[in-house]
> 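Dumping the structure here so I can ask a few things about it.
The figures that follow rest on heavy atoms only: side chains count, while hydrogens, waters and symmetry mates do not. Each chain gets a letter, A, B and so on, in the order its sequence line appears, and its residues count up from 1. Predicted, not measured: the structure shown is a model, and the values here were computed from it.
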There are 2 protein chains.
Amino acid sequence: MNVNFNNRDPVYLQIVRYFKEKIAIGELEPGEEIPSRRELANRMKINPNTAQRAYKEMEEQGLIYTERNHPSKITTDTKTLGKVREELIIEAVDMFVTSIRSINVPVEELLDLVRVKYTANDDKEA
Amino acid sequence: MNVNFNNRDPVYLQIVRYFKEKIAIGELEPGEEIPSRRELANRMKINPNTAQRAYKEMEEQGLIYTERNHPSKITTDTKTLGKVREELIIEAVDMFVTSIRSINVPVEELLDLVRVKYTANDDKEA
DNA sequence: ATGGGTGTATTATATGATTAATACACAATG
DNA sequence: CATTGTGTATTAATCATATAATACACCCAT
C-alpha cells in the first residue's frame, strides 16, 4: 500500500492509477475485496472524500463494483480487467512518442536509450 | 507559432517547452531574437503575464537573455543550447520508463510498440 | 436495539497554482 | 515631447483540487 504521490497530478487520479497497476500485473484478482473508503483514507493519510472520489472514478470505469454495505470489489469481468494492462501500456507509449517526436531523434538511437534505461533499473526497483 | 495547448499543464510551461523544442531541432539559433512578451501573447492568444512568466523561466534557465527595451534573444552560449536537446530526450525517456516499469512489460515487446508507434506517424506530423 | 462498520451525498472551506489586470520605468522614434 | 513599444513589478481574480464537516441509509454483530 505504498503510493509515491507526486504534486503534479490530482491525488484521486494517482489512486486510480495505483489500482490499475495492481490489476495490470495481476496483483488484484477478479472479485477481490479492496479496502473500504475510510480504511484506504487511513492507510494513505488522505481525506475519505478523496478516497471516495477515486473509487467512484473506478466504479464508473467498471473496474470495481459495490454491494450494499460491503467494501468494493474488483470486477469479475475479465474482459474489462484484461484491457487495463493494455490501456496503460498504450497510453504510456502514446504519451512518450508524442512528446519525443517533435525533437527528431533517430529511431534506433531512441530505442537504445529506452532499452538501457529500462533494463538498468531492473534491480533497484525490486 | 502553433502550439497545441493541453489543459493539463500550465500554459507558461507549455510555452517554455515549445521554445526548447525549437532550440533542440535548431530552428532557433544562438542570438536570434524572439517575439516580445506582448507580441507572443497576441500571437498565442494568451495573457501577456503568462508570456512574461514563460520568458522569465527561460531566462532563469539561461536559455534567453534580455537587454533593456529590446525583445529577448536566444543565448549565445552554445554549451547551454546543446544541452537542451539531450535534456528533453532524457526527460521523456525517464518519464516513460518510470511510468511503464510498474507494469512489467517484456523489453522487446515494449521496444516493438515504441518502434511501431514512432515510425507510423512519420508522414502525418510533417 | 444499539454501536460500529459499510457506501453515499451535500455543502463549505482552504489551498496552491495559474492567469489576469494594472501600473511603472525606460528607450526609441517621429 | 508625446506616442509607442520594450521589460518588469505588484496586486487581484480565477480555478481546480483537496480537505473538511456533516448527514443519511443500511447492515451486522454484540
> Whole Å only: how far is the CZ atom of Arg53(A) from the P atom of dA16(D)?
11 Å
> Looking at dT6(C), dA27(C), dT19(D), which one has an atom nearest to any side-chain atom of Ile46(A)?
dT19(D)
> Rounded to whole Å, how long is the line connecting atom OH of Tyr65(A) with atom P of dT6(C)?
17 Å
> To the nearest angstrom, how far is Asn7(A) atom CG from dG16(C) atom P?
11 Å
> Would you call Lys20(A) and Glu87(A) a salt bridge, using N to O less than 4.0 angstrom?
no
> Using OP1 and OP2 only, check whether a side-chain N or O of Tyr12(B) sits under 4.0 Å from dT18(C).
yes
> Under 4.0 Å between a side-chain N or O of Thr50(A) and OP1 or OP2 of dT19(D)?
yes
> Using whole Å, what does the distance between atom P of nucleotide dA17(C) and atom CG of Asp9(A) come to?
14 Å
> Scan Phe19(A), Tyr65(A), Tyr18(A) and name whichever one has a ring-ring contact (aromatic ring centres under 6.0 Å, His included) with Tyr55(A).
Phe19(A)
> Find the distance Gln52(B):CD to dA21(C):P and express it as a whole number of Å.
16 Å
> Check Arg43(A) with Glu39(A), please: is the shortest side-chain N to carboxylate O separation under 4.0 Å?
yes
> Any N or O donor-acceptor pair linking the side chain of Arg38(A) to the base of dG5(C) at under 3.5 Å?
no
> Taking for each residue the nucleotide of DNA chain C with the nearest heavy atom, is it Ser72(A) or Arg8(A) whose nucleotide lies nearer the 5' end?
Ser72(A)
> Between atom OH in Tyr55(B) and atom P in dG5(D), what is the gap in whole Å?
17 Å
> Look at the rings of Phe96(B) and Phe96(A) and say which category their plane angle falls in: under 30° parallel, 30 to 60° tilted, over 60° perpendicular.
parallel
> Looking at Arg68(B), I'd like to know whether one of its side-chain N or O atoms comes within less than 4.0 Å of OP1 or OP2 on dC26(C).
no
> Give the nucleotide from the list dT18(C), dT6(C), dT17(D) with an atom nearest to the side chain of Pro10(B).
dT18(C)
> Decide if atom CD of Glu59(A) counts as having more than 12 heavy atoms of other residues, nucleotides or ligands within a radius under 6.0 Å.
yes
> Can you tell me if Asn49(B) touches the phosphate of dT19(C), counting only side-chain N or O atoms and a distance under 4.0 Å to OP1 or OP2?
no
> Closer to the 5' end of DNA chain C via nearest nucleotide, is it Asn47(B) or Arg37(A)?
Arg37(A)
> Between C1' on dT8(C) and CD1 on Ile64(A), what's the gap in Å once rounded to a whole number?
13 Å
> Closer than 4.0 Å, any side-chain N/O of Thr66(B) to the OP1 or OP2 of dG7(D)?
no
